[in-house]
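In this text, all values refer to a predicted model and were calculated from it rather than measured experimentally. Excluded from the calculations below are hydrogen atoms, water molecules and symmetry mates; all remaining heavy atoms, backbone and side chain alike, are included. Convention: sequence-line order gives letters A, B, ...; per-chain numbering from 1.
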Amino acid sequence: MADTVEKVSTTEASSSSAEAPIPAEKTESTTEKTKWGDVEDDDEEEANAVSELNSLSIKEESVLDEPEDSSIKAVTSGETPYTSASRFEDLNLSPELMKGLYVEMKFEKPSKIQAISLPMIITPPHKHLIAQAHNGSGKTTCFVLGMLSRVDPNLREPQALCICPTRELAIQNMEVLQKMGKFTGITAKLAVPESNHGVTSARRAHVCAQVVIGTPGTLKKWISFKKLGLNHLKILVFDEADHMLATDGFRDDSLRIMKDIERVNPSYQVLLFSATFNETVKDFVQRTVKDPNQLFVKREDLKLDSVKQYKVVCPKEQNKIEVIKDQIMELGDIGQTIIFVKTKVSAGKVHKALADMGYDVTSVHGNMEQEDRDKIVKEFKDCLTQVLIATDVLARGFDQQRVNLVVNYNLPTKHDTGEPDYEVYLHRVGRAGRFGRKGAVFNLLLDDRREIEVMEMIERYFEAHVKEIKSWNSEEEYKSALKEAGLLDE
DNA sequence: AGACCTG
């Protein structure tokens, strides 16, 4: 079985290309900087990832043409041959959509994941796709472009649906869609909770927007109240798909919506995108989604090499606050910082502790009023605030290119077992160093055997070197760490 | 615990 998987590695596949794609160099020859197609842009130095696909449920494999060395291994299903799209021109998109890509998004050519996945998404028979790719490699563009390209502009009915784990992510994806689809005339609707004075579901008008992006609860509600018709839906996207299909995530809601659509339109297409798919979830989705094309990356190749990781052992909880205060707040300009905490209560506590000392920080978590959440996040995106304290509501997908530093005030662990949550760790780290920028992560640990062990397990899992800051209150050590990470001069 | 309008 391993042999057949080896055969479809994208690097090998290039030699057997029937119709050679135009080399990528041709499109970038005059530009010093290559723009990739996404808001959460590029880690183009990320290389060497190899798939750890198991060949389960793959009946046939066809050759994939891939002109470059690829960090992504693909297995295609069925007999459809796919040619990697080295240019957006290869995709037969409408002129209006092309204009959106070039004029609005200012893209020049597809990123690696886009070049491979877009033909799979767009080419009939529109097979399902499970796609894993690095943080900031351009996943959003893949599914937004996929949705836009498959919508019939003349049919005023919902045809594409995107489900996201958080309000913030739905909003962010909607912003990308509207920008990219600006010239297409395609209509879109956000399905997220509204502040209480909104219309009740029973009175709400039918959704006739062609693309709907939202969160599970609101979508479920609109569907059950018959306000969102599924009859014309042809493409369903799960952003952060591993979390959307995890037992401790949104599995029940996701499966319910999938079945509702399948009932009225069995030939609909499902796209699953995430930077992470642990073995449990991967196994589940491979059993759930029938006959999909698949793209996977090996876990140790997922970490961002542009982000340096550090750990510091603090004798007491209060010392963590002091580290933030003395070593981070007092630093001056190192760009924006997100401090991740485990609970909403600790978000409040850390916020108050720092605010009481006179520091200008903000915080977000799921218990806040929707409008306050929107306001805090917008302020941060507009760079009006420098330090944001957040629960894992922002761990995934949140794209703010000026975040250079991530602080793990608490390490991410599984709720039930206390085991490290490797996926959340990777997603948090992925908030820093976006757009290929330098970044750093400080992990603040208590002097506790279990905590130190969790950190070590994370290091082993990603085969990452997390350098220890030996004295928790040594200014010099933090400074040299930040210099090493490229965030501080001298 | 966190995220999600759970009725």
Side-chain angles (χ1 to χ4, degrees), chain A residues 161-174 189-204 207 212-228 237-258 260 274-276 278 281 338-351 363-374 376-377 388-398 408-428 431 450-451 454:
Chain A
L161 177 58
C162 173
I163 314 182
C164 316
T166 64
R167 167 191 192 82
E168 283 71 22
L169 212 40
I171 293 171
Q172 185 175 285
N173 288 336
M174 178 58 78
K189 176 79 178 167
L190 198 56
V192 298
E194 295 164 330
S195 34
N196 292 330
H197 43 79
V199 205
T200 63
S201 294
R203 291 164 154 264
R204 166 174 299 281
V207 176
V212 179
I213 302 178
T215 47
T218 302
L219 287 169
K220 228 169 40 168
K221 195 172 66 169
W222 289 9
I223 292 169
S224 66
F225 278 91
K226 308 278 184 214
K227 300 305 176 186
L228 175 58
V237 177
F238 288 102
D239 193 6
E240 307 299 340
D242 60 326
H243 190 233
M244 299 308 293
L245 287 161
T247 24
D248 67 339
F250 294 100
R251 177 178 290 185
D252 294 346
D253 292 345
S254 298
L255 290 179
R256 169 73 187 280
I257 294 172
M258 284 171 84
D260 284 348
S274 183
T276 53
N278 70 33
V281 183
I338 300 180
I339 300 171
F340 283 108
V341 295
K342 186 153 192 63
T343 67
K344 299 166 197 172
V345 172
S346 42
K349 280 184 186 167
V350 174
H351 186 162
S363 56
V364 274
H365 57 73
N367 273 5
M368 292 166 57
E369 295 292 332
Q370 310 294 2
E371 317 169 302
D372 293 340
R373 257 169 91 161
D374 292 351
I376 298 294
V377 168
L388 180 58
I389 298 150
T391 58
D392 283 325
V393 66
L394 290 192
R396 286 169 172 266
F398 181 71
N408 284 323
Y409 188 90
N410 308 111
L411 288 178
T413 52
K414 301 275 191 192
H415 175 229
D416 44 3
T417 60
E419 300 285 300
D421 193 327
Y422 303 110
E423 286 71 38
V424 169
Y425 183 83
L426 188 84
H427 283 281
R428 286 182 179 183
R431 295 320 100 207
R450 181 64 197 154
E451 196 129 323
V454 166

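A:Arg396 comes within 4.0 angstrom of nothing in the nucleic acid, heavy atoms only. Using a 4.0 Å heavy-atom distance criterion, A:Asp253 is classed as making no nucleic acid contact. Using a 4.0 Å heavy-atom distance criterion, A:His365 is classed as a sugar-phosphate-only contact. If you check every strand for non-hydrogen atoms under 4.0 Å, A:Arg373 touches sugar and phosphate atoms only.
Contact between the side-chain N/O atoms of A:Thr166 and the OP1/OP2 oxygens of B:dC4 is not found at any separation under 4.0 Å. At B:dC5, one or more side-chain N or O atoms of A:Thr215 fall inside 4.0 Å of OP1 or OP2 (strictly under the cut-off). Not one side-chain nitrogen or oxygen of A:Thr343 sits closer than 4.0 Å to the OP1 or OP2 atom of B:dA1.
Taking atom CD of A:Glu240 as the reference point, atom P of B:dA3 lies 15 Å away to the nearest angstrom. The CG atom of A:Leu219 sits 9 Å away from the P atom of B:dC5 (whole-angstrom rounding). In this structure, A:Phe250 atom CZ and B:dT6 atom C1' are separated by 13 Å, rounded to whole Å. With rounding to whole Å, A:Asp239 atom CG is found 17 Å from B:dA3 atom P. Atoms CZ (A:Phe398) and P (B:dG2) sit 19 Å apart, rounded to a whole Å. A:Arg167 places its CZ atom 19 Å from the P atom of B:dG2, with the value rounded to the nearest Å. Rounded to whole Å, atom P of B:dG7 lies 6 Å from atom NZ of A:Lys220. Atom pair A:Glu419:CD and B:dG2:P shows a separation of 20 Å (rounding to whole Å applied).
Residues passing the side chain to side chain donor-acceptor pair (under 3.5 Å) test with A:Asp421, sequence neighbours excluded: none. The side chain to side chain contact (heavy atoms under 4.5 Å, CB included) search around A:Ser274 returns A:Glu240, A:Asp242, A:Thr276, A:Phe277, A:Arg396, A:His427, not counting sequence neighbours.
Taking the side chain as every heavy atom from C-beta outward, A:Met244 and A:Pro216 approach each other to under 4.5 Å.
Between the side chain of A:Thr218 and the backbone N or O of A:Thr215, no donor-acceptor pair lies under 3.5 Å. Listed for the A:Lys342 side chain is a donor-acceptor partner under 3.5 Å among the backbone atoms of A:Thr413.
The nucleotide whose nearest atom lies closest to any side-chain atom of A:His243 is, among B:dC5, B:dC4, B:dG2, B:dG2. Distances from the side chain of A:Lys344 to the nucleotides B:dC5, B:dC4, B:dG2 place B:dG2 closest.
One cannot find a donor-acceptor pair under 3.5 Å joining the base of B:dA1 and the side-chain atoms of A:Asp392.
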